[in-house]
Amino acid sequence: MPQFLFHFAQAHNDFRLPELESIAELLGISLSWPSEFEYRDTARPFMILGLDQEEHARLLARRCILIKAVYEFYAQGSTYEELHGSNRRNQTLWKRYVENTSFRFLVTSSQHKIPQMRQREVIESFAYMGFLGKIDMKNPEIILTCFEEYDDRHGTTRAKHEGDGQFREVFFGRLLEEGSARQLIAKFDVKKRAYFGNTSMEAEISLLMANQTQASPGKLIYDPFIGTGSMSYPTSHFGAFVIGSDIDGRQMRGKQKTPGVIRAANQYGTAARIIDLATFDITRNPWRCGELFDSIVTDPPYGVRAGAKRLGRKKELPDYKKDLCLQHTLNGRPDDQPYIPPTKPYELSHLAADLVLLARYLLKPNGRLVFFLPTVTDEYEEVDIHTMLCEGMEVIANSLQDFGSWGRRLVTIKKTTQGKYSPPTFEPTREETARIPAHRDFREKYFQGFKPKADET
Amino acid sequence: MVRLITHNLLACHAKDCNTNNFPLAFKDAQLEIREAEFNPEFLKGFLPKIEWTALVDTARQLGDTSLPLEQPEMLDDEFLKNLHHVLLEIHVEEGSMTCPNCGHVYPISNGIPNMLLAEHEIG
Ligand SMILES: C[S@@+](CC[C@H](N)C(=O)[O-])C[C@H]1O[C@@H](n2cnc3c(N)ncnc32)[C@H](O)[C@@H]1O
Ligand SMILES: [Zn+2]
């Protein structure tokens, strides 16, 4: 299998492999991962992957948000001596460019600046390749790049050129394509959007979520907590149709006549793909049947900015009050003051388990549920996600976005069953599982700064 | 919005309203026609989910008679184009939807239906 050198953005490392896998599967591309663990380490910016053909590397670079560039792989080494040895052995890959191809040669690095002098030395050390074509800095037919990989300095600045040459590894290849999907991060910048709110999801994460859903033309994708619609924009941009709902219509509407979500979608040219928006409590939903959606993508209310609510009351009302409420409800109301029913809190761990059950009902077979689960980092164990699974639903990716004292996990669950299931009952009373998931009472822990309670220490 | 594809998927969900609760009847519907991209594969894939009679009846009530009473076996281009128009291009912007069984009224404003239930309607 031909080898390709991938250069990744040093961001959201935990999302990198799930994104690649999702998009490779969507595009029907088979990927072979590096066999040694140290080359699968996502803290490193480079990875060498096997693909059937060059075109596949290009397609991935046009869709994966975390790809900076893709190269035809020629050589690697922990020293230049090793690199040149490996490059000589791979001569068949670059021989065809020797005779008559204009080229440009780049020596660069991650996390470091290589002095001009040494860049020139490095270029000269490749003289044995004997390229006869002309050097063209503006419009070369090919760009050859030599990358030195330095260890991450974790924000500490090193004096200029300090440690130059003490790289971890060096890679060499021919540039195929810069990753063009990264530009979408600026395109979907929340602050430049016609409509957004304090629950809006940042552009880069929304795009990564859209890729986890494998959004593409002809698919129908649902967000049951759509709010201001952040994930509907990238998913519809990738061609999918979107349906959204929310218990609070104001989140989707904003203040003007045309709903805010539609105004924002108009800005991105995808309003026609926002099939519908509807106001309802997901625990009291009007869906007539199941197996409707290819994916469900959502950021459930986890109580920091927008707490989870559901219809109902914390305490039952006495009968006479119920009667008053009923009269009030049934009597006509002016149109501009829609009836707003009472709501009660909705515990996150219940919500998460309900969401998986609902997704099993509403997804087509092989459909995906992509959602965030906040978690208190220190208490998190793998088991948390498994406490909310049910038969026929399997976790296929689980990526941490780390905020220090807390974090959230983007979980991708696939419906692996063809079975028919009835809609979930959303009963609050369920058998308590042996371990209390760390996301239980997340809101309380968040506001306590995640410190153990006094009586627990 | 509300498009007929969505209307075809929504049933009344008030407490104990389980039979004859579909399709919801449009009232005072204000329509808008907006072009949508034609995707025959999507339509073919979605067809098995559609309650055909409900779709045809609703379309007729809204003044579109392009769909046959019986769902055809042959999905030719003309049929798919009509289906596309009915499912995706007719938008109900204002009005309401009424449950044929319990009479609950779901109001629509600026294209968004309010499907919330009142306190006495939840189980
Ligand atoms: C974290 S926000 C989602 C934000 C959204 N991704 C955005 O871009 O704005 C959660 C949303 O869930 C809604 N919500 C809370 N409880 C709900 C329920 N029981 N059913 C439906 N929506 C609910 C809230 O109104 C809120 O808009
Ligand atoms: Zn009803």
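Letters A, B, ... mirror the listed sequences (proteins, then strands); counts begin at 1.
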A side-chain contact here means heavy atoms from C-beta on lying under 4.5 Å apart; do [X] and [Y] qualify?
| X | Y | result |
| --- | --- | --- |
| Arg273(A) | Glu37(B) | yes |
| Leu220(A) | Phe42(B) | yes |
| Leu292(A) | Lys49(B) | yes |

What residues of residues 251-260 of chain A make heavy-atom contacts with chain B at a cutoff under 4.5 angstrom?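 Interface residues of residues 251-260 of chain A: Met252(A), Arg253(A), Lys257(A), Pro259(A).
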Rounded to the nearest 0.5 Å, what separation is found between the [atom1] atom of [X] and the [atom2] atom of [Y]?
| X | Y | atom1 | atom2 | answer |
| --- | --- | --- | --- | --- |
| Ile108(B) | Thr279(A) | CD1 | OG1 | 11.0 Å |
| Thr6(B) | Arg288(A) | OG1 | CZ | 11.5 Å |
| His13(B) | Phe280(A) | NE2 | CZ | 7.5 Å |
| Met115(B) | Ile247(A) | CE | CD1 | 14.0 Å |

Measure [X] against the heavy atoms of chain A and call it side chain, backbone, both or neither at under 4.5 Å.
| X | result |
| --- | --- |
| Asn8(B) | both |
| Phe46(B) | side chain |
| Glu93(B) | neither |
| Ile112(B) | both |
| Asn39(B) | side chain |
| Leu88(B) | side chain |
| Arg3(B) | both |
| Glu51(B) | both |

Can you establish whether the number of heavy atoms outside Lys27(B) located under 6.0 Å from its atom NZ is more than 12?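 No - once you tally the heavy atoms of other residues, nucleotides and ligands closer than 6.0 Å, there are 12 at most.
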Mind ranking Ser109(B), Ala14(B), Gly111(B) by heavy-atom pairs under 4.5 Å with chain A and telling me who comes out on top?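 The answer is Ser109(B).
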Listed partners of Lys44(B) passing salt bridge (Lys or Arg N to Asp or Glu O under 4.0 Å), at least two apart: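 Partners of Lys44(B) by the salt bridge (Lys or Arg N to Asp or Glu O under 4.0 Å) criterion, ordered by chain and then number, come out as Glu41(B).
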Quick check on the interface: out of Pro286(A), Ala272(A), Gly218(A), Cys289(A), who has the most heavy-atom pairs with chain B under 4.5 Å?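 The answer is Pro286(A).
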So which atom in Arg284(A) and which in Leu117(B) form the shortest heavy-atom distance, rounded to 0.1 Å?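 Closest pair (atom of Arg284(A), atom of Leu117(B), distance): CB-CD1, 4.4 Å.
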